[in-house]
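Worksheet: one structure, shown below.
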Amino acid sequence: MPKPLFTKLIVQAAVGFFFVLVGCVYGIHSKDDIFITLSLLIGLCSLIRTCSFYRLIHNEAYRVLSGTCIRQTSMPFKKESQIVLVDETQREYRLTLDKYSELLPGHHYRLYLRQSTIPDTGYKNYSSVDLLGYEELSVITQNDKNASAN
């Protein structure tokens, strides 16, 4: 299981558990049955979402995209930025992510994207909805390998 996806799974489960715990403690303290019920419903929805995400990871229903970020362009008056990623075969992928994404030009990344149900048209454009997680890769050049061998 890839580390960014595992981290996201743990965070989803922890947030759901935290809401149920705090909601039930407060509901019991204030003797509010509706608050307890709503907290349990939030916990149930969080559990369903976490199980669904676990199935997605377990069934490997995601796509892995590795490459170098060559450009990040902020769009004026929007909360999004356009990111261009180039893989090893020099194929460009365009991603529309939130403006505060931490993908930096010149850095190498591995992105985990939701597999699309839309047929492949040859145009590779992904949005922030498709992005499940990412990690920055350290690049080892041939000179670094030779230096470490000596």
Side-chain angles (χ1 to χ4, degrees), residues 1-27 34-145 148:
M1 182 178 303
K3 185 178 178 184
L5 300 183
F6 180 71
T7 303
K8 186 174 180 176
L9 181 72
I10 296 300
V11 167
Q12 277 185 358
V15 166
F17 177 74
F18 176 75
F19 273 108
V20 169
L21 181 68
V22 170
C24 287
V25 166
Y26 179 76
I34 294 174
F35 200 81
I36 294 171
T37 305
L38 290 175
S39 298
L40 292 174
L41 284 174
I42 289 173
L44 179 65
C45 291
S46 177
L47 179 67
I48 291 169
R49 183 176 179 189
T50 302
C51 289
S52 173
F53 191 67
Y54 174 76
R55 275 193 2 215
L56 182 133
I57 296 170
H58 183 70
N59 294 336
E60 295 182 6
Y62 57 88
R63 180 165 187 224
V64 179
L65 178 65
S66 297
T68 304
C69 177
I70 60 169
R71 187 174 353 143
Q72 180 180 16
T73 308
S74 295
M75 297 178 186
F77 306 112
K78 290 189 176 182
K79 295 180 182 178
E80 300 170 335
S81 64
Q82 185 80 24
I83 302 202
V84 179
L85 197 78
V86 176
D87 66 2
E88 295 81 27
T89 62
Q90 300 305 315
R91 192 170 188 182
E92 284 191 4
Y93 297 90
R94 297 184 186 280
L95 297 107
T96 305
L97 302 177
D98 63 345
K99 196 175 226 175
Y100 304 106
S101 65
E102 298 174 4
L103 297 177
L104 300 172
H107 292 243
H108 302 279
Y109 295 97
R110 180 176 298 135
L111 286 83
Y112 300 93
L113 303 161
R114 217 175 278 277
Q115 281 185 350
S116 179
T117 56
I118 301 170
D120 189 14
T121 60
Y123 183 64
K124 302 296 181 194
N125 195 7
Y126 298 100
S127 69
S128 59
V129 176
D130 299 325
L131 184 67
L132 299 173
Y134 65 90
E135 60 186 334
E136 186 172 358
L137 302 175
S138 61
V139 176
I140 299 175
T141 62
Q142 190 64 30
N143 294 338
D144 292 339
K145 288 180 185 178
S148 65

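All residue numbers in this chain count up from 1 along the given sequence. These numbers were taken from a predicted model, which means no experiment stands behind them.
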Between R94 and R71 the two heavy atoms that sit nearest each other are NH1-NH1, 4.3 Å

side-chain contact (heavy atoms from CB on, under 4.5 Å) for L103 and L85? Distances and angles first, verdict last. CA-CA 10 Å; L103 297 177; L85 197 78; 5.8 Å; no

Output the distance between atom CG (D130) and atom CG (L111), rounded to the nearest 0.5 Å. 11.0 Å

Listing, residues 34-41 side-chain donor-acceptor contacts under 3.5 Å, not counting sequence neighbours, or none:
from: T37; atom 1: OG1; to: D33; atom 2: O; distance (Å): 2.8
from: S39; atom 1: OG; to: F35; atom 2: O; distance (Å): 2.9

Answer yes or no: is there a side-chain heavy-atom contact under 4.5 Å between E92 and I70? yes

Count the heavy atoms belonging to other residues, nucleotides or ligands that lie under 6.0 Å from OH of Y54, then report whether that count exceeds 12. no

How long is the span from the SG atom in C51 to the CD1 atom in I48, to the nearest 0.5 Å? 8.0 Å

Closest non-hydrogen atom pair between S74 and S81, with its separation: CA-CB, 4.0 Å

side-chain contact (heavy atoms from CB on, under 4.5 Å) between S66 and E88, worked out: CA-CA 8 Å; S66 297; E88 295 81 27; 4.1 Å; yes

Minimum heavy-atom separation for R114 to L56, with atom names? NH1-CD1, 3.5 Å

Approximate separation, where rounding is to 0.5 Å, of Y134 OH and I83 CD1: 8.0 Å

Let me have the donor-acceptor pairs involving side chains of residues 5-19, under 3.5 Å, with sequence neighbours excluded, atom names and distances please.
from: T7; atom 1: OG1; to: K3; atom 2: O; distance (Å): 2.8
from: K8; atom 1: NZ; to: L132; atom 2: O; distance (Å): 3.4

Using the test salt bridge (Lys or Arg N to Asp or Glu O under 4.0 Å), find all partners of R110 that sit at least two apart in sequence or belong to another chain. E135

So Y93 and V84, side-chain contact (heavy atoms from CB on, under 4.5 Å) or not? Walk me through it. CA-CA 6 Å; Y93 297 90; V84 179; over 6 Å; no

Distance-minimising heavy-atom pair for C69 and L104: CB-O, 3.4 Å

Within this structure, what is the OH-CG distance for the pair Y109 and L137, rounded to the nearest 0.5 Å? 9.5 Å

One should read off an interatomic distance between M1 CE and E60 CD, to the nearest 0.5 angstrom, of 10.0 Å

